[in-house]
Amino acid sequence: MSPVDLRSDTVTTPTPEMRAAMADAEVGDDAYGEDPTVNRLESLAAALLGTEAALFVPSGTMANQLALAVLASAGDEVGCAARAHVLRHESGGAAANWGIQLRSFADPQGVIDATAIDAAVADQRHHLPPFVAVAVENTAMAASGRPWPADALAAVVDATRRHGLGLHIDGARIWNAAVATGRSPAELSAGADTVMFCLSKGLAAPVGSVLCGGADHVAAARDLRHRLGGAMRQAGVLAAAGIVALETMVERLVDDHARARRLAHALADRFPGSVDPASVETNIVCVPAAALPGASPDAFVAALAAEGVRAGTIDARTVRFVTHKDVDDHDITRAVAAFDAVARSGAPGAGARD
Ligand SMILES: Cc1ncc(COP(=O)(O)O)c(C=O)c1O
């Protein structure tokens with residue numbers, strides 16, 4: 001039996017419909033703007049997000065990096081959550097690629113308090129760097145994929161508008177946020193200058209993300225994508241899967257959310273204090289390793305792997321479980337049985353926690 005893979009929603013494989021669309025895709029050279037399928041995906045994405053334009057890119061990381069470069073220059077500061085992907089998981093790209101400094105704001109429950117933006121703007125008068133933009137992550141991955149509450153998001157949009165700042169939304173999982181909150185991706189990104197979403201996570205396409213925004217921003221991002229080597233020629237074979245992803249894979253995310261909640265309840269029952277199930281609203285469960293048996297997150301993950309269940313870690317303190325279309329109810333039952341086995345054994349071989 002193959003292991004239950006809860007490491008990430010990026011492990012999903014394309015659906016048969018995606019594979020058929022890829023095989024039949026009409027293609028051209030996208031670097032000349034001549035790939036009809038890429039153009040169709042970009043038009044669809046812009047329409048769904050309510051923006052003037054969109055750009056297909058190989059990854060969410062590239063989309064975020066392009067957005068930062070469009071909204072800020074070397075020496076500028078961009079604010080983001082302390083656990084944001086742009087800050088922690090992009091190999092220092094903001095600094096290394098563009099000379100942009102990221103300023104981290106406290107993010108209890110993944111959300112930035114808008115007053116931190118007011119303070120960052122006020123700081124500039126005291127010889128702090130030019131503070132030019134804010135990046136918001138929705139859903140907030142490290143906070144168990146929490147979707148931003150409407151009022152918190154509105155306050156950040158308002159602060160950026162009042163201060164004339166740029167606003168980027170890392171919406172890698174904006175479709176999960178949309179399904180969980182009942183608000184459309186266009187509503188969730190209203191007031192932002194740029195928003196990116198991933199096709200290759202919960203929507204299960206094999207490759208790709210889309211950066212959406214105003215025509216000028218997207219044109220600038222298109223030039224920078226070329227500089228990074230991200231112009232992909234007959235990329236319509238990939239975009240075709242992305243179109244199927246947008247058309248067929250959004251509504252089913254509700255099942256992933258229910259399964260993540262089931263995992264959260266099972267973890268809370270077996271490992272008291274590990275997770276508050278009410279905080280799990282989408283497809284991610286992040287658990288502080290201190291609340292789990294075993295000497296380290298890796299030890300807990302290894303003990304689960306021995307029971308046929310793969311989990312991941314996002315840092316040296318946090319274990320992560322992610323549900324997706326290649327995990328069904330039976331797999332969740334297997335995962336819960338693995339939790340039982342580890343709870344009984346106390347993570348054998350892992351040594352005692354001191
Ligand atoms: C919140 C968030 N933003 C951006 C990314 C980057 O996406 P990619 O892996 O396609 O570069 C990820 C990837 O996991 C993510 O979780």
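Atoms within a ligand are numbered from 1 in the order they appear, just like the ligands themselves. Values below: every heavy atom of this structure, side chains too, minus hydrogens, waters and symmetry copies.
Between Gly60 and ligand 1, a contact under 3.5 Å exists for at least one N or O pair. Residue-to-ligand polar distances keep Thr10 apart from ligand 1: every N/O pair is separated by 3.5 Å or more. For a threshold of 3.5 Å applied to N or O pairs, the pair formed by Asp170 and ligand 1 contains at least one separation below that value. By the 3.5 Å distance cut-off applied to N or O atoms, Ser200 is not counted among the residues near ligand 1. Checked against a 3.5 angstrom limit, the closest N/O atoms of Ser209 and ligand 1 fall outside it.
Residues Glu26 and Asp35 have side chains not in contact (no heavy-atom distance under 4.5 Å, counting atoms from C-beta outward).
Of the heavy atoms in Lys201, only side-chain atoms (C-beta onward) come closer than 4.0 Å to ligand 1. For Ser59, heavy-atom contacts with ligand 1 shorter than 4.0 Å involve the backbone as well as the side chain. Contact annotation: for Glu137 versus ligand 1, heavy atoms closer than 4.0 Å belong to the side chain alone. Contact annotation for Asn64 and ligand 1: only side-chain heavy atoms (C-beta onward) come within less than 4.0 Å of the ligand. If you look at Met196 next to ligand 1, the close heavy atoms, those under 4.0 Å, all belong to the side chain.
Between the side chains of Glu90 and Asn64, at least one donor N or O lies within less than 3.5 Å of an accepting N or O.
Within ligand 1, the atoms closer than 4.0 Å to a non-hydrogen atom of Thr61 are 6 (C), 7 (O), 8 (P), 11 (O), numbered from 1 in the order shown.
Under the 3.5 Å distance criterion, the side-chain polar atoms of Asp76 are matched with a main-chain donor or acceptor of Ser73. In this structure, Thr51 contributes its side chain and Ala53 its backbone to a donor-acceptor pair below 3.5 Å. In this structure, Asp123 contributes its side chain and Leu128 its backbone to no donor-acceptor pair below 3.5 Å. Arg262 places a side-chain N or O within 3.5 Å of a backbone atom of Asp329 that can act as its donor or acceptor partner.
Residues Phe339 and Phe300 keep their aromatic ring centres 6.0 Å or farther apart.
Salt bridge status for Asp256 with Lys325: absent, with no side-chain N to carboxylate O gap under 4.0 Å.
Relative ring orientation between Phe197 and Trp175 is described as perpendicular, the plane-to-plane angle rising above 60° on a 0-90° scale split at 30° and 60°.
Closest protein heavy atom to atom 16 (O) of ligand 1: Arg173 NH1, 2.9 Å. The protein heavy-atom contact nearest to atom 15 (C) of ligand 1 is His85 CD2, 3.1 Å.
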